[in-house]
Every structure is written in structure tokens, then in C-alpha cells.
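Some notes on the structure that comes next.
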Amino acid sequence: MTLQGCGYMGSILHLDISTKKSRKETLSKDTADLFLGGKGLGALLLYKLARPKADPLSPEYPLIFSTGPLTGTLAPTGNRFAVVTKSPLTGAFLDSHCGGPFGISLKRSGHDAIVLTGKAEAPSAIVIRNDQVEIAPANDVWGRSTQESELMLKRRFGSENEVACIGPAGERLAPIACIYNSSRVAGRGGAGAVMGSKNIKAVVASGDGFIEVNDVEAFKKAAWSAHRLVRMNEITVRQLPKYGTNNILEVVNVMGGLPVRNFQKGVLDEPRPLFGESWRKDIWTRDRACINCPIACSKTASVKSGEYAGATCEGPDYETTWALGPNCGVIDRGAIVKANELCDLYGVDTISTGGAIGFAMECFERGLLTPEELDGIDATFGNAEAMVQLSEKIAKGEGVGRTLQNGVRRSARAFAGAKGMRDFEDYAIEVKGMELPAYEPRGAQGMGLGYATSDRGACHLRAYTVGQELLGYWGGVNPQAIEGKAQLVIDKQNEKAVVDSAGLCFFSFFAISLKEIRRMVVAATGLRYESSRDLELLGERIYNLTRMFNIREGLSGDDDRLPRRLLEVPLAEGPAKDRVVKLRDMLPEYYSLRGWDTNGVPTEERLQRLGLSQLLRA
Amino acid sequence: MTIYLFVGYQDKEQEERHLEQARRFSSECSEWGLPLVIEPVPMGPRVTKTNYHELVKESVALSIRVGADALKVPYTGDPESFSSVVAAARGTPVLVLGGSKALSDREPLEAVEEALSVGASGVVFGRNVIQSSDPARFLTLIREVVHGGKTAREALAKGREGRLFLRTNPSLCTGCGICLSACAMARQGNFDTSKARLKVVGTWPSPPVPVVCDQCGECIRACPTAALTMDEKAGGLVYNRDLCTLCGACTTACPRHLLSMDSERVYVCNLCSGWPECADWCPTGAIFAEAMR
């Protein structure tokens, strides 16, 4: 059975940039069956093709763009593509997802995934049009902003193309560099640097193929049922469309889960300026959706007055608002938009940028860093101007930004080495080298376990326990309870791996469940997933595969850790007052339920049950 | 009398306490001759997203055991799963609850239609009525579905009489392109949106603008073989493949560049024979259908 016409295009393109040789691999039914697409397919390709412990910035290292069977279909939020590689920020598995239209164009060119290896001699763009693959010179685009590069390349190769490109940050291999497509980004973990290390400014894709599903009538019915649930759900029909992801900021803050000033506090005293309604009043001008998304959580922002008048960006979303805002003690909306704009144009991850600034500010306030070491910037918490200046330094990789663009773990080591003091490490709030996102885990125990065990480092979107712990969705649970959290985190991780492999965005998942995803996937692909349980198993398989990748890279249970502050320093106020994360009380149960040994290594028995055993040996 | 019954706690004692309370309500209700409606709510650590529907079923079974006279239940999203909820009620009337105000009238009406088709007895609606822009109209519609035996579509067909036009409200467009995917799926059975009968123009950072066929008739005037005509009564273009020579005059004539052509045929908007899919799927009202008498 060929998969072409069944949600899939049926092939994977392998391109060696150095030799300019490409070949097509047929996507087998077995692979689709076991790994679906997106994250799962990318993880399998990476495991098979990457040399263990190789440097992700070396030419040989694979950079994978991968789509799911629902990408480009009418499934609600059927638009996602995954970028899969090893993170230069963490040294661990990386999947970074993006809602830009590039994934759909890639499929239209006839490919479910592309695997890039090698390195171009000079700055280049990879241009894929159906079966033709060209490595075109892009000297004149090198050095330009993401937005400008995209426009230039669309003009050059035709507006029917979609462009996934890097900004100057990716070119100079900043480990927090992202990949940009139509103002959406694959943000976290530094995939942009991997692309830059190959001298590739952009991948440009278009084609005449079209995405088809196996059973049109069944698919239409399943897709409408899913849309209907999205259109009947308070979160997806009112909260996210109206207030963007900032709709949750108030509740998270009330629950004591909003990290403030580099995780020194869990409550922001004056949160109102950052509520969705405040943004909507004077900054957001338009609702903006990714392709096939009925929700439109994204907004177009434009600052009309004040010091940052004229600044524009798409967003800022909740995470960016927090990272450049409360995490730096800042509540100035204009400044946050300005910093977001800089991050997008130069191509750096906003969460890691905000994390690095929060870190620098705390070190400055504690006297560990002098004004001179911070290029004369008065980096006190709450200084909006300093936040913007530091964002610019990081985005451009200038001055102290040359250090901070490496993320907080390496920055702490660099400062510690240069100054002969170890204290810096205590203020580097990261897991596996990735900066924490916008949920204070001392206010939500499951989130703490989720950060610690996430395959790509501190990420809120591997196990979004926040839904139950802080927002009261899906039954709601006590955020401080320990019991049941291991299972909750496992369930969330597994189901999210399914969402990320199907080609959907997590936000439709507020309204739909694996039941609806299964119906759409089965109608689209003809693959036999009999129940939601089959999909949970698929998610578990993928999560174990990424775990095995990390173990092969030398990571172990020791890396399932949290910063000392979160484990030992209780919060001083708010609903989570006196709380720390009780990671040691949850982790053994997590390993045991996962079928992993006490070092966090999947047992042979579990791998066998998941159908991974053979595959990993091959 | 309507009460909640929470199901999903890990703590057996807590769950037992809730059941005991429900039993007390039930016996007091029978004493006073009041009907008792129980709304089962999955809540607590046993709830996952995946088991939500199973827990609804479980709590329905518990509710009738403590003596519910009727149940107020959320629709589980599809008739297959809901029929098992109805089965768990063992003949006790199942009333579908309305929940949050939906995007349009269509979603709750369809949900009710599907629920009734697998044995639900009626509805308990609040926000979808009182937050409606026209509560009286919505009540009429839902009455027609629950008591009049009409499908959602039949109920909604009222007010659609006359010649149909597609209209746009560009400021509401989010650029999601669902209209394009819906058009391609309905008319071609695939997702080749390049042949969609409408367009969304404008790439970031310019704002998206939906462009639809306004039945101006330029294509008809340009066609040398009368292969295109207008359905003056219902609205929409009618394409006669037998008369078409694939000369392409219509595609050039269209002032909005909406017509496309390949070696097989010309693709024109026929308003999906009265129910334009683009408007049906549009999540913001940026594209909508309007009937003109």
C-alpha cells in the first residue's frame, strides 16, 4: 500500500548539501503506523541517521523538517511542521514546532519530510519545487532580517513559495536561534543555529502536488465534528480568540504560578497591564490565525504612542509577554513589543532571551555583574529600557549579548570562569540547558516534574499539566498534590507527542481529544488505530524513542533535575508560599510507571512492548 | 431540583460522601414530589482528557442509581460515543446541556440533532439562548429540532430563501484559509487550495483580505460559447462542460481573478448549490452568505 494520497505525500527527501546530491525515500506504511509523522517521524529519522554524540553544528549533522498526515488538511489547526535535530543549546533531542505555512508547501512539493545534511560553501538557499532541488546562492540575503529575507526570497522565486529562514542570530550560530516562517517561528532550542552551520539561509518550497485524504466523506465528517467542538468551547471560541494566550495570565498569577524576576517570586503585584484585555485595548490591531486554525490566538501588535511607538510584531503571546515582561520585572507593553520585534527580526527565541535577561538582571542586582560587564546598562529589574537594550544585545550578539546568546547555563559558566566565582549557577534557571518558560513549578508540582522529564529540556508544552493544576480544565487537580502527578505528566507527554506527530497545534486540543484526532487520522490515512488507547501507545513509543536518543547522547536520570532554587528555596508569598518542588517524591514513581529503571533508562521489556527494541538495535 | 454529581476523585470516601448527599436530595425530592435532575460532572484527579467520555458514562450510571428522574449531560461530540451515554441511562431521560455560547446557531443545533438521533430526550440550554443576538429566534430553532423533528439544517434553512450572495467583512479575517480548504474539499475532494473558488490575499505583514465571487457576470459576458450562465433564482454560476472550449476568456475576464482552469475544466463558484461551504466553515464571520429576495 502506498501512502500517497492518504494524508501523506509518501516520500522523504534526503539532501546532502555538500555534494548537492538528493534522493527520495519512500515513506513506508510501517513507519507511518509506528511514528505517524511530525515529531515521531523526525525522531525516528534522527535516531537512525545521526552519529551518536556528534556536534549538531558539524556539517554531517541532520536537520529535519517533518510534517504530519493532518498538516494541510481541514483538521482544526492542521498546519504544523516540526523541526527535529539535536539542540545546540542543550545537547539533547530537539523538536521545535511551527504553525507557519511552510509545512503545507513542503507537502505540496511532494515530501512529508526533508533531511538536510552537509554544508554549502557559501551562504545559500535550498529551493525545492516538486522533484527539483536546487542549492541557490544567497549571499545577498545573508545578514538580513528574517522578515526581509522571506520577502526577498519570495520575490526571487515566486510568491507561491513558502520560506523557512534564519535571521542573523542563526547565521552566527547562536544556540537560541530560531527558524522563521511568515512571522511564526520554530522557536526553542536553537534549530536556527543548526541551519546556519550548514550555510543555509533558507529553505524555499512550493509544488503542484496536493494533499488528499483516504476517505473524503469520513474525513469531512470527522473534521467538522472537531471544528464544531472547537466552536463550542469557551476557551477556543472566546478566550483565545479574544485575549490570545494572555487570557490565562490573570488566573496563573492569582494561583501563584507566574514567575517574576527570574523566579524569585510567583506573583506579579500589578498584572493588569498585561491582561489580554489591556493588550486588546491599545496594542493589538488584528486577530491572526495560522492556516486551517479556527481559533486565531495570535495577534498583530502595533505600538501607537510612547517611547516605543512604531514597534510592531506578531504577538506577543503569553510566553513572550512573560519572558520579556514579568520575568524581567517589566510591565511596559510597548517595551515588550519592541523586544519581541527585535527577537523576531534577528531570529532568537523570545523565551530564552527573556530568561537570559532575567538571569543577567539578577546577577547585576546581586553585584555579581558590574555595569561595565553589562555594557553600561542599568540592568535592574523593572527597567524596561534596560530589558530592550539587553534584548538588542542578544539579538545582535553584541557586547554582553555575545555571552547571553548562549543561554543561561553557558553564560553562568562563562561568567563563573571569568570571575572565579561559582554563584552564577544558582541564578541560571534552566533544565538540560533550556531556559524555563512561564509557569512557576513551585506553584504547580506536576509542572515541575514535567520540566524535569521533558525530552528537550524545560518546556511547558511537553506536559501541559497547567490545564488541570492551575486553570481547572479537564477535572482540575490540586496543584500542590503529589499523588497522581507522575501519571498525569506521563499522560500529557504521551498525548502531546501524538498531537505533535499528527501535524496539529496543541490549542485545538483544548476542545478536542484523542478521540477526535483518531477519527481524523484514520479517515485521512486509512491506518488502523482502533481506539484512543492505540494513540496513547503511539505517543508513549515516541516519548521512549526520544528518551533513548538522549541516553545515547550521554544524558541520564541525573539530567532530570531542576534548578536548586526551585527545589530548595521556598516561595515567600502568594498561594504557593513556603512551597518547593518535591521532585524527589515524584521522580521514582514517574520512572516506575514509565517502565524505566532507577536511572531513568527504559527497560528492555518496555521497549519490546512498544515495538522499539528491534528498531533501536538495527 | 437540579444538582451536580462530581465523579473522578481518587478518594473513595469523598466520592461516597457525594453519592450519599445525592441520595438524600433524591429522597427529599420524592417526599415533596419534585423531579430531580442530576448533572454529572467529571472532576478530580481520575479525569484525563481521554477518559472524559467514559467518566460521563460512569457518572450517568451512578446518577440513575441514586434516583435521578432526568440527567443533564454534555454532548460528547459524536453520535457513536453519545449513544453509549444514553444506554447507560437505561431509559431515564437524557437532556443535552448547552454549555458555553457557541460561535453560531449551527453547532448547538447539530449537537442536539445528533443527540436526539441516538435517544436523547431534550435539552437544558442557558447561555446559548440568553447570549444569543436573537434569543427568541434561537428558541424557535431549537424547538423545531427538539419538538418539530427537523434537522438543524432544515431549521436553519428558514431565512435563506431567495437568491444567495457571498459577502465579506474583511476586518474579521484572520487569514486562516479554512474557507479555501473547505472549498477545495467540498468541490474537488482534496486540499488543492489553488483551485478554490475564492481567495485570501495579503501576506504578512499586510492584513489578509477574503475575496469571493460577487456574481458580477463578467465571466459570462466574456464566454464565447455560453458555457457559463447565472442561476438567477438561487444564485451562483452554472458551468456547462460540454459547451466549454477551455479558451480561458472567463479566467482573464474575472476582475477578482477567482476563476482557475486546468486541462480538464474551469473552476467556478456555484455557491455549493445553496450552502456555501466557505461561509459555513468560516470561524469569524469574515465570509457569510446572504439571501436577497
Side-chain angles (χ1 to χ4, degrees), chain A residues 72-74 78 147 154 159-160 182-183 208 210-213 216 219-220 223-234 237-238 241 286-296 298 300 312 314 468 474-478 481 483-484 488 491 495 509 512-516 519 532-533 536, chain B residues 6 8 10 41-53 55 75-78 80-81 98-104 106-108 110-111 114 127-128 171-178 180-182 184-186 188-195 203-205 207-208 280-284:
Chain A
T73 70
L74 194 44
Q147 194 175 310
K154 277 196 166 203
S159 62
E160 71 281 14
S182 185
S183 88
D208 308 314
F210 42 82
I211 299 154
E212 288 181 286
V213 290
V216 180
F219 184 81
K220 188 177 169 186
W224 174 252
S225 297
H227 271 266
R228 201 170 60 196
L229 286 169
V230 170
R231 292 161 70 119
M232 294 173 77
N233 183 293
E234 177 66 21
V237 84
R238 207 152 292 114
R286 188 88 184 219
D287 302 327
R288 185 169 141 85
C290 301
I291 302 294
N292 294 324
C293 169
I295 304 169
S298 190
T300 306
T312 61
E314 181 175 344
Q468 268 107 330
W474 316 307
V477 293
N478 176 358
E483 302 78 40
L488 179 68
D491 288 346
E495 68 188 21
F509 209 61
I512 68 173
S513 67
L514 291 181
K515 179 161 70 85
E516 283 72 35
R519 283 179 70 199
S532 298
R533 178 73 201 124
E536 286 177 320
Chain B
F6 297 109
Q10 226 134 24
V41 180
M43 173 83 75
R46 271 209 298 132
V47 188
T48 67
K49 279 204 65 133
T50 311
N51 72 4
Y52 198 87
H53 151 239
L55 279 176
Y75 187 54
T76 51
D78 59 274
E80 294 78 18
S81 61
S100 314
K101 171 76 177 75
L103 200 66
S104 73
R106 181 184 171 195
E107 297 85 23
E110 278 185 6
E114 287 179 9
R127 283 169 282 172
N128 271 291
S171 68
L172 296 178
C173 182
T174 63
C176 72
I178 286 173
L180 307 175
S181 296
M185 183 169 66
Q188 293 132 235
N190 62 35
F191 296 103
D192 181 8
T193 50
S194 69
K195 293 198 187 67
T203 41
W204 175 263
D280 251 14
W281 289 76
C282 175
T284 65

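Quick note on labels: first sequence line is chain A, next is B, and so on, each numbered from 1. The model shown is predicted, which means the values in this text are computed figures rather than measured ones. The figures here come from the full heavy-atom set of this structure, side chains too, leaving out hydrogens, waters and symmetry mates.
For the pair A/Val213/B/Phe191, a side-chain contact is recorded, criterion being any heavy-atom separation below 4.5 Å from C-beta on. Looking only at side-chain heavy atoms (C-beta outward), A/Arg286 and B/Pro208 come within less than 4.5 Å of each other. Two residues are said to be in side-chain contact when any heavy atoms from C-beta on lie closer than 4.5 Å; A/Asn233 and B/Ser100 fail this criterion. Looking only at side-chain heavy atoms (C-beta outward), A/Arg228 and B/Tyr75 come within less than 4.5 Å of each other.
Of the atoms belonging to A/Ile295, not a single heavy atom falls under 4.5 Å from chain B. For chain A, the nearby parts of B/Ser194 are the backbone and the side chain; heavy atoms of each come within less than 4.5 Å. For A/Leu514, the part lying under 4.5 angstrom from a heavy atom of chain B is the side chain only. If you measure heavy-atom distances from A/Arg519 to chain B, the contacts under 4.5 Å come from the side chain alone.
Atom CD of residue A/Glu212 and atom CG of residue B/Asp192 lie 9.0 Å apart, to the nearest 0.5 angstrom. The distance from atom CD1 of A/Ile291 to atom CG of B/Leu180, rounded to the nearest 0.5 Å, is 7.5 Å. Put simply, CZ on A/Arg231 and CG on B/Leu103 are 4.5 Å apart, with the number rounded to the nearest 0.5 Å.
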> What do the steps show when you test B/Ser181 against A/Asn292 for side-chain hydrogen bond (donor to acceptor under 3.5 Å, both in side chains), and what is the final call?
Replying inline: CA-CA 7 Å; B/Ser181 296; A/Asn292 294 324; 2.7 Å; yes
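Between B/Ile178 and A/His227 the shortest heavy-atom distance is CD1-CE1, 3.6 Å.
A salt bridge is absent between A/Glu495 and B/Lys49: the closest approach of a Lys/Arg side-chain nitrogen to an acidic carboxylate oxygen does not fall below 4.0 angstrom.
Remark: the backbone N or O of B/His53 is not paired with any side-chain donor or acceptor of A/Lys515 at under 3.5 angstrom. With hydrogens and angles disregarded, no donor-acceptor distance shorter than 3.5 Å links the side chain of A/Arg288 to the backbone of B/Pro207.
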